[in-house]
Amino acid sequence: MLTTLRIKNLALVTDLAIELEPGANVISGETGAGKSILIGALGLVLGERADRTLIRSGCDSCAVEAVFDVQALRAPLGAYLEENGIEACEGGQLLLKRVFSAAGANRQFVNGSPTTLGVLATIGQWLVDIHGPHDHQSLLHPARQLDILDAYAGLDEARTAFANLLRQRAALTAQRETLTVDEKTQAQQADLLRFQAHEIADARLQPGEDESIEQEHKRASNAARLLELGQAALGALDESEDSALSRLAVLGRSLQELQRIDPAAAPLAQAQEQGVAALRELQRDLSHYLDRIDLDPARLRELEERLNLLQSLKRKYGPSIAAVLAFGEQARARLASLEQRDAELARIHAQMEKLDQALQRAGQSLTAHRHRAFPRLCRAAAAELEALGFIQSRFE
């Protein structure tokens with residue numbers, strides 16, 4: 001049931017909130033009091049077409065919010081919200097909001113989640129039925145009539161089971177149509193998939209190898225410069241009279257003399273020795289680094305070819321090695337499906353036969369329940385009509 005309706009900047013209304021109580025609520029007033037504004041606002045929040053001339057004069061936009069207690073609602077609201085990525089109802093409360101502006105912006109929300117106008121309208125059909133002199137609304141729609149009959153007969157589970165079977169059959173039909181192509185088209189598809197799968201397989205890709213190859217290629221292509229810089233660094237350490245180690249040796253002799261005169265200077269001499277040891281270690285590490293640099297033009301060409309291959313595969317099949325490998329798996333699976341088309345079609349056909357039998361049984365059962373239920377519904381509706389004074393009425 002509708003529990004709260006709030007209207008902002010619609011027609012003559014600036015800001016209005018109405019709280020409705022359980023049971024029948026009656027809003028009365030003379031012509032022009034604004035009753036139709038309430039009905040119009042309710043229609044807007046339930047997905048009806050927006051008339052922007054209804055925006056209050058001097059305002060850029062208007063908004064309507066409605067809160068419904070849906071704990072007793074028999075429609076499959078929860079599943080529908082989940083299918084459309086909408087937040088579930090908390091405490092059995094459904095919040096609808098509609099905002100539209102004079103500039104043409106139109107937004108709608110369900111439980112705070114943005115959604116489409118079509119989703120809002122579908123939900124609205126389950127919540128409210130508006131009756132006027134010439135507006136019988138959903139009672140004239142055959143689908144809605146069937147919904148009422150099934151709700152009266154308690155056939156929600158049977159309908160859901162039938163719909164699930166139908167969705168399974170539709171999925172199989174789509175698979176069958178994918179496989180049912182002419183021989184030429186099938187051969188072309190198979191050739192393309194075979195080429196793609198083989199090209200990726202022949203590359204013998206390893207996850208993450210593009211990064212390692214790029215790093216090695218960068219080192220190999222700059223090997224001469226790396227050797228030059230490394231040798232210059234070694235020379236600065238210990239290959240000239242003005243090298244770092246030579247200067248540290250001079251410093252060490254001065255500190256040793258300082259320590260001889262003043263023993264308190266011993267830590268300074270120790271620090272100098274540690275500095276010499278650190279530079280000796282740096283010298284060894286730098287020598288080992290230079291030993292690993294390889295000026296091998298053949299290896300450089302090999303790395304360039306591998307890097308070009310990886311880049312080509314990523315341009316064709318995905319932004320990363322992992323994506324290329326995944327594409328290859330998909331191509332092999334699709335190729336296997338095409339190559340085994342006859343067996344796959346036979347499997348699909350067998351499954352569809354079983355589904356058709358299940359659909360036949362479920363449909364016959366659903367129809368039988370409906371046939372048993374509608375005479376009771378007719379009698380119950382006729383009794384209500386008679387109680388309202390429609391003595392000669394009939395309901396079929």
Side-chain angles (χ1 to χ4, degrees), residues 1-3 5 20-28 35-36 38-40 42-43 45-48 66-81 83 89 92-94 96 118-169 355-396:
M1 63 165 285
L2 177 65
T3 60
L5 181 65
L20 301 174
E21 299 296 329
N25 291 261
V26 178
I27 300 174
S28 62
K35 301 185 297 298
S36 60
L38 299 180
I39 298 299
L42 187 58
V45 82
L46 295 175
E48 289 185 1
V67 179
F68 290 86
D69 185 337
V70 294
Q71 296 182 77
L73 187 67
R74 301 187 66 176
L77 178 63
Y80 187 75
L81 295 180
E83 288 174 4
C89 298
Q93 301 294 302
L94 175 69
L96 307 181
V119 169
L120 191 65
T122 297
I123 295 174
Q125 293 177 3
W126 294 333
L127 299 174
V128 174
D129 217 355
I130 299 176
H131 302 279
H134 304 288
D135 188 7
H136 312 299
Q137 200 135 333
S138 61
L139 289 178
L140 296 180
H141 300 160
R144 181 56 177 157
Q145 295 168 5
L146 195 59
D147 289 341
I148 293 172
L149 173 60
D150 288 342
Y152 176 79
L155 297 176
D156 290 343
E157 290 186 6
R159 279 173 58 120
T160 300
F162 186 87
N164 288 337
L165 290 172
L166 204 58
R167 278 193 289 270
Q168 293 176 38
R169 193 186 193 284
L355 276 177
D356 286 341
Q357 294 172 6
L359 276 168
Q360 183 76 8
R361 291 191 298 269
Q364 289 175 345
S365 175
L366 190 58
T367 299
H369 280 93
R370 286 169 173 168
H371 277 291
R372 287 195 293 270
F374 72 72
R376 293 187 285 112
L377 176 60
C378 290
R379 290 193 295 270
E384 295 293 334
L385 290 170
E386 185 176 353
L388 292 171
F390 293 88
I391 306 301
Q392 302 298 323
S393 66
R394 294 174 58 194
F395 185 92
E396 294 182 354

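Counting begins at 1 with the first residue of the sequence. Just so it is clear, the values below take in all heavy atoms, side chains as well, and ignore hydrogens, waters and symmetry mates.
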Start with the C-alpha distance between Leu94 and Val67, add both sets of side-chain angles, then the distance that settles side chain to side chain contact (heavy atoms under 4.5 Å, CB included), and finish with yes or no. CA-CA 6 Å; Leu94 175 69; Val67 179; over 6 Å; no
For Glu396 and Arg394: C-alpha separation, side-chain torsions, deciding distance, then whether salt bridge (Lys or Arg N to Asp or Glu O under 4.0 Å) applies. CA-CA 7 Å; Glu396 294 182 354; Arg394 294 174 58 194; 2.2 Å; yes
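Remark: side-chain polar atoms of Asp150 are not paired, donor with acceptor, to backbone N or O of Ile148 under 3.5 angstrom.
Here the CG atom belonging to Leu359 is positioned 11.0 Å from the CD atom belonging to Gln364, to the nearest 0.5 angstrom. Residue Leu149 holds its CG atom at 12.0 Å from NE2 of His369, rounded to the nearest 0.5 Å.
Asp156 is linked by a side chain to side chain donor-acceptor pair (under 3.5 Å) to nothing, counting only residues two or more places apart in sequence or in another chain.
Here the closest non-hydrogen pair linking Ala362 and Leu165 is CB-CD1, 4.0 Å. The shortest heavy-atom contact between Gln168 and Leu355 is OE1-CD2, 3.6 Å. Considering every non-hydrogen atom in both Glu21 and Met1, the closest pair reads O-CE, 3.5 Å. Contact detail for Ala373 and Tyr152: the closest heavy-atom pair is O-CE2, 4.0 Å. For the pair Leu42 and Phe68, the tightest heavy-atom approach, listed with the atom from each and the gap, is CD1-CZ, 4.3 Å.
Two residues are said to be in side-chain contact when any heavy atoms from C-beta on lie closer than 4.5 Å; Trp126 and Val70 fail this criterion. Counting only heavy atoms from C-beta outward, the side chains of Leu127 and Leu73 approach each other to under 4.5 Å.
Among pairs with a residue in residues 374-396, those fulfilling ring-ring contact (aromatic ring centres under 6.0 Å, His included) read His371-Phe374, at least two apart in sequence or across chains.
With Leu46 as the fixed residue, the side-chain contact (heavy atoms from CB on, under 4.5 Å) test singles out one of Ile123, Leu120, Leu96: Leu96.
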